[in-house]
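Everything below concerns the one structure shown next.
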Amino acid sequence: MKSLCVYCGSNSGAHPAYIEGAIALGTRMARDGIRLVYGGGNIGLMGTIADAVLAAGGEVVGVIPKHLVDMEVAHGGLTELEVVDSMHQRKSRMFDLADAFVAMPGGFGTLEEIVEMFTWRQLGISEKPCALLDINGYYQPLVAMMDRMVEERFLHPGQREDMWTGDNIDAMFEWMRGYQPAQASKWLDEKRSRELR
């Protein structure tokens, strides 16, 4: 794993643990020679993790749409900053640049980005590992919702297990390095699968 895409908030959140987690992850990435790919901002957790990677001697590539350069205050000190035309181009470019994806705490944008990566895994578009770094229990409601999806037969148990969740950075990296994509079909019912062919 050479590059990790980190989705996270452009705000810092209500608890110091979020900032501490971003610093810890960024420092660890630099130490392990893992390049950060992220949304290019210099505020909130986005700015914190970028600064942590840079301070520890690592490389950071930011990808930001033109219309957000001022709104998210594009980071001026990155190894590389790519300015693209749209959010769609941003997400596509971040996907191309990264070997794996992790979501730290964040808002609608963070959630939308990591859920799209979960969906691409489910559909077989991507075989890159995806994780939730669950700092301060932030993602527990989402984890409960995913378990409910399994219970109600909207999500295959194997695909639920294909998403790492936890708060231990060492364990997350160990899981990512040994990752084997789930082979479970998206379709829980073979009859439905045949009908769609």
Side-chain angles (χ1 to χ4, degrees), residues 1-13 18-121 125-133 135 139 163-164 169-170 172-177 179 181:
M1 184 170 62
K2 296 180 180 178
S3 295
L4 176 64
C5 179
V6 179
Y7 303 123
C8 58
S10 57
N11 290 294
S12 295
Y18 301 141
I19 294 174
E20 292 165 5
I23 292 170
L25 178 58
T27 303
R28 172 64 184 276
M29 289 174 65
R31 189 185 81 196
D32 287 4
I34 299 171
R35 179 179 62 171
L36 170 65
V37 175
Y38 86 120
N42 71 355
I43 54 176
L45 295 185
M46 293 173 72
T48 299
I49 191 167
D51 288 342
V53 173
L54 293 167
E59 295 185 1
V60 181
V61 177
V63 183
I64 191 167
K66 291 176 183 176
H67 75 279
L68 291 182
V69 168
D70 294 328
M71 186 185 303
E72 291 189 355
V73 193
H75 200 301
L78 305 180
T79 310
E80 185 177 348
L81 180 67
E82 296 189 18
V83 179
V84 295
D85 291 328
S86 69
M87 291 294 287
H88 292 295
Q89 288 180 344
R90 178 198 224 179
K91 291 191 292 182
S92 177
R93 184 62 179 145
M94 290 166 78
F95 175 81
D96 290 340
L97 289 168
D99 299 317
F101 304 88
V102 61
M104 293 185 60
F108 284 152
T110 301
L111 186 60
E112 184 265 340
E113 287 168 321
I114 194 64
V115 169
E116 182 171 43
M117 291 301 99
F118 287 162
T119 304
W120 285 17
R121 272 293 309 115
I125 296 170
S126 165
E127 292 197 342
K128 300 178 181 181
C130 301
L132 295 173
L133 189 56
I135 298 170
Y139 280 115
M163 309 166 197
W164 187 90
I169 294 170
D170 290 337
M172 182 182 75
F173 280 141
E174 182 178 354
W175 176 82
M176 285 181 168
R177 289 187 173 108
Y179 177 71

Quiz prompt | Spacing of Ser12 atom OG and Tyr18 atom OH [to the nearest 0.5 Å] | solution = 11.5 Å
Quiz prompt | Shortest non-hydrogen separation from Ala74 to Leu81 and the atoms involved | solution = CB-CD2, 3.9 Å
Practice problem: Of all the heavy-atom pairs spanning Arg90 and Pro65, show the shortest one and how long it is. | Solution: NE-CD, 3.5 Å
Exercise. Would you name the heavy atoms of Glu82 and Leu97 that are closest together and state the gap between them?
Key: OE2-CD1, 4.1 Å
Quiz item: For the side chain to side chain contact (heavy atoms under 4.5 Å, CB included) test, which of Val61, Val53, Leu78, Val63 pairs with Tyr38?
Solution: Leu78
Quiz item: Distance from Met172 atom CE to Leu4 atom CG, nearest 0.5 Å?
Solution: 6.0 Å
Practice problem: For Thr27 and Ile23, indicate whether the former's side chain and the latter's backbone hold a donor-acceptor pair under 3.5 Å. | Solution: yes
Exercise. Over 60° means perpendicular and under 30° means parallel, so classify the ring planes of Tyr7 and Phe101, tilted if in between.
Key: parallel
Practice problem: Without swapping roles, check the side chain of Arg35 against the backbone of Lys2 for a donor-acceptor pair under 3.5 Å. | Solution: no
Which side-chain N or O atoms in residues 44-52 pair as donor and acceptor under 3.5 Å with protein atoms at least two apart or in another chain?
unit_1	atom_1	unit_2	atom_2	d
Thr48	OG1	Gly44	O	3.0
Asp51	OD1	His75	NE2	2.7

Quiz item: So, for Tyr139 and Gly106, which heavy atoms are closest and what is the spacing to 0.1 Å?
Solution: OH-N, 4.0 Å
Exercise. Mind running side chain to side chain contact (heavy atoms under 4.5 Å, CB included) on Leu132 and Phe118 for me, showing each step along the way?
Key: CA-CA 11 Å; Leu132 295 173; Phe118 287 162; 4.0 Å; yes
Quiz item: Any side-chain heavy atom of Trp175 within less than 4.5 Å of one from Pro129?
Solution: yes
Quiz item: Do you know the tightest heavy-atom contact between Met94 and Cys5?
Solution: CE-SG, 3.5 Å
Quiz item: Counting N and O atoms only, with roles assigned by atom type, does the side chain of Ser3 sit under 3.5 Å from a partner on the main chain of Ala98, one being a donor and the other an acceptor?
Solution: no
Practice problem: Please round to the nearest 0.5 Å and tell me the distance separating atom CD1 of Ile114 and atom CE of Met104. | Solution: 12.5 Å
Quiz item: Can Lys66 and Asp85 be counted as an ion pair, charged N to O under 4.0 angstrom?
Solution: yes
Self-check item: More than 12 heavy atoms of other groups within 6.0 Å of Glu112 CD
Solution: yes
Quiz item: About how many Å separate CD1 of Ile125 and CE of Met117, when rounded to the nearest 0.5 Å?
Solution: 8.5 Å
Quiz item: Just wondering, do Leu68 and Met87 contact through their side chains at under 4.5 Å, heavy atoms?
Solution: yes
Quiz item: About how many Å separate CG of Asp96 and CD of Gln89, when rounded to the nearest 0.5 Å?
Solution: 11.5 Å
Quiz prompt | Heavy-atom side-chain proximity of Tyr179 to Lys128 below 4.5 angstrom | solution = no
Quiz item: Rounded to the nearest 0.5 Å, how far does SG of Cys130 lie from CD of Glu116?
Solution: 10.5 Å
Exercise. Kindly indicate whether the side chain of Leu25, heavy atoms from C-beta on, has any atom under 4.5 Å from the side chain of Phe173.
Key: yes
